[in-house]
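Notes to accompany the following structure.
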Amino acid sequence: MRSNTIQYEALAEQIESLLRDPESTIAQIKDEVTRRRLIEAGRKLSVSLERPRETLRRIGYAHLQLPLSLVGVETKLFSASASEPRPFSIAELTERAGVDKNLLKRLLRYYQATDILAQNDDDTYQSTNVTRALSNDDHANSLRWTHKITAQGALNLPSWLQTHQYSDPVGILPTAWSSVVPTDKHPYEWLADNPWALKLAQAHMRVQREGRPLFFDALDFQQRFAQNTTSETLLFVDVGGSTGPQSRVLRQRFPDLPGRVLLQDRPEVIEQAKADLAAARIEAEVYDIFTPQPIKGARTYYTRNIFHAWGDATCVEILINAKAGLTDQSVLLIDEIVLPERDTTAQGAQHDIEVMICVGGIERTKAQWENLLNSAGLKMQEVVNYDTDFEDSVIIAGLGLN
Ligand SMILES: C[S@@+](CC[C@H](N)C(=O)[O-])C[C@H]1O[C@@H](n2cnc3c(N)ncnc32)[C@H](O)[C@@H]1O
């Protein structure tokens with residue numbers, strides 16, 4: 001019945017007409033929900049129409065995307081072609097990228113065929129939204145991180161899981177990644193010894209958050225946690241806050257809110273970030289989450305993407321240490337993915353595998369979170385989902401149910 005009413009040829013022509021001028025298509029789609037629906041529907045339709053050999057090609061050649069993208073980044077081919085909104089000849093790109101002309105023609109053929117660059121005629125190419133996305137410094141560092149770290153572990157995952165008899169690798173060291181890197185240190189210790197990798201990791205974390213909503217968008221921080229404060233009130237303790245993206249947002253959104261904002265992290269991170277943080281009115285101190293929280297009675301203790309790096313027993317230890325700071329007036333705000341029991345998004349599931357590979361971590365469901373909190377003698381008060389694409393949520397926990 002349904003197949004009689006749908007005109008598939010007309011539908012294909014309609015989609016092709018959208019692709020003839022992608023820039024104006026993007027400009028015409030005004031709302032984010034429709035844009036996301038089109039992306040998901042297009043992706044799922046494409047997979048569901050595949051014949052077996054097409055499935056094999058999609059999966060079997062996926063490994064080329066990352067290294068080939070990195071070649072375009074490192075040669076500055078992408079940044080050169082995205083520098084101006086006009087076509088570039090192969091001769092011009094050869095000069096800018098410093099790549100042999102014959103090699104460049106082969107690379108450009110791959111980039112055109114995989115929609116990374118658009119080809120205008122035999123000899124000219126022009127940037128697209130994809131080329132522009134790959135031209136940004138943080139994005140380049142995120143690709144370098146993925147290439148050097150996550151991809152190595154991902155390629156090693158089948159044999160690593162087999163070696164571990166396919167047990168759930170939560171909290172197991174060495175991880176799939178560190179088993180291919182010459183170190184017996186925990187990945188965080190290894191990062192501390194390798195500043196080049198720490199820089200890439202921080203760029204990767206920034207990029208992952210780009211354009212995504214924040215918990216501040218779903219919760220009125222001032223209304224909920226910052227009534228009747230003075231300049232001495234400890235408003236927000238950003239535990240494992242890295243370079244302080246969230247503390248900065250708090251200061252920017254509530255510039256006149258009286259109270260202190262304090263960021264805690266490992267020594268090498270604090271050393272690198274403290275001058276910048278001070279300029280943004282954020283105090284910084286070294287604190288190890290494996291010791292009891294020395295700051296007592298702050299309004300909020302905030303952690304983002306900390307617990308997903310650790311197994312359950314370690315998380316309970318960190319929570320018990322966090323509890324040492326809490327009073328009845330305090331809450332713990334745990335900003336992490338909370339996976340649904342069914343129909344998880346690809347983004348949420350990919351993050352789970354990424355933390356498994358890199359640090360032996362796990363993204364958890366609501367029931368798993370509640371279990372962890374109860375084991376540490378804490379109560380889950382509320383879970384506020386603020387990004388359905390990534391399953392991002394903030395869990396509000398405390399000494400009691402409130
Ligand atoms: C995935 S990053 C999250 C950073 C930040 N919360 C954010 O969301 O952008 C994890 C952070 O935990 C910090 N960390 C790891 N081990 C720690 C420890 N033992 N004590 C304090 N911080 C730690 C790392 O240095 C890093 O900044």
Side-chain angles (χ1 to χ4, degrees), residues 138 141-142 145-146 149-150 171 173 175 177-178 185-195 197-216 236-251 261-274 276-277 280 282 284-295 300-311 313-322 324-325 332-337 350-352 354-364 386-387 390 392-395:
D138 261 2
N141 278 337
S142 173
W145 165 262
T146 307
I149 308 291
T150 328
L173 285 173
T175 63
W177 165 72
S178 57
K185 293 196 167 173
H186 184 279
Y188 280 133
E189 303 288 339
W190 182 86
L191 275 184
D193 293 345
N194 291 276
L198 181 64
K199 187 176 153 209
L200 301 187
Q202 287 172 340
H204 183 64
M205 283 186 250
R206 275 195 298 275
V207 166
Q208 289 205 333
R209 289 277 154 197
E210 221 175 57
R212 279 157 73 174
L214 300 175
F215 91 88
F216 295 107
F236 190 74
V237 182
D238 193 352
V239 186
S242 186
T243 53
Q246 293 291 80
S247 294
R248 289 168 201 272
V249 171
L250 178 71
R251 281 298 194 211
V261 175
L262 170 66
L263 183 143
Q264 301 174 320
D265 209 301
R266 293 172 53 96
E268 68 280 3
V269 177
I270 295 297
E271 188 48 42
Q272 187 197 43
K274 68 182 176 200
D276 254 17
L277 291 169
I282 299 161
E285 70 173 21
V286 173
Y287 164 63
D288 179 1
I289 52 178
F290 296 107
T291 60
Q293 174 58 257
I295 303 294
T300 60
Y301 295 85
Y302 174 78
T303 66
R304 185 172 73 172
N305 292 359
I306 302 295
F307 291 97
H308 72 173
W310 304 99
T314 313
C315 285
V316 172
E317 189 186 338
I318 300 171
L319 285 169
I320 290 172
N321 285 326
L332 184 57
L333 301 175
I334 302 175
D335 190 342
E336 299 254 358
I337 284 175
Q350 280 163 357
H351 274 282
D352 182 40
E354 184 176 36
V355 291
M356 176 207 284
I357 289 170
C358 294
V359 287
I362 177 173
E363 303 296 357
R364 295 176 165 88
Y386 64 86
D387 184 359
F390 283 83
D392 282 330
S393 303
V394 64
I395 301 164

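In each ligand, atom 1 is the first atom listed, and ligand 1 is the first ligand listed. Only heavy atoms go into these numbers, but all of them, side chains included; no hydrogens, no water, no symmetry mates.
Contact shell of ligand 1 (protein heavy atoms, cutoff 4.0 Å): Tyr188, Met205, Gly240, Gly241, Ser242, Pro245, Asp265, Arg266, Val269, Tyr287, Asp288, Ile289, Phe290, Arg304, Asn305, Ile306.
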Requested in this report: Kindly determine whether Asp392 and Arg209 satisfy salt bridge (charged side-chain N to carboxylate O under 4.0 Å, His left out), including the steps that lead there.
Outcome: CA-CA 10 Å; Asp392 282 330; Arg209 289 277 154 197; 3.5 Å; yes
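Annotation: side-chain contact (heavy atoms from CB on, under 4.5 Å) contacts of Pro245 (sequence neighbours excluded): Thr243, Arg304. Scored by the salt bridge (Lys or Arg N to Asp or Glu O under 4.0 Å) test, Asp138 finds Arg206 as partners (sequence neighbours excluded). By the salt bridge (Lys or Arg N to Asp or Glu O under 4.0 Å) test, Arg266 pairs with Glu189, Glu268, sequence neighbours left out.
Shown here for Cys315 and Phe307, the closest heavy-atom pair between the two residues is SG-O, 3.4 Å.
Checking Val207, Val269, Asn141 one by one against Gln202, the side-chain contact (heavy atoms from CB on, under 4.5 Å) holds for a single residue, Val269.
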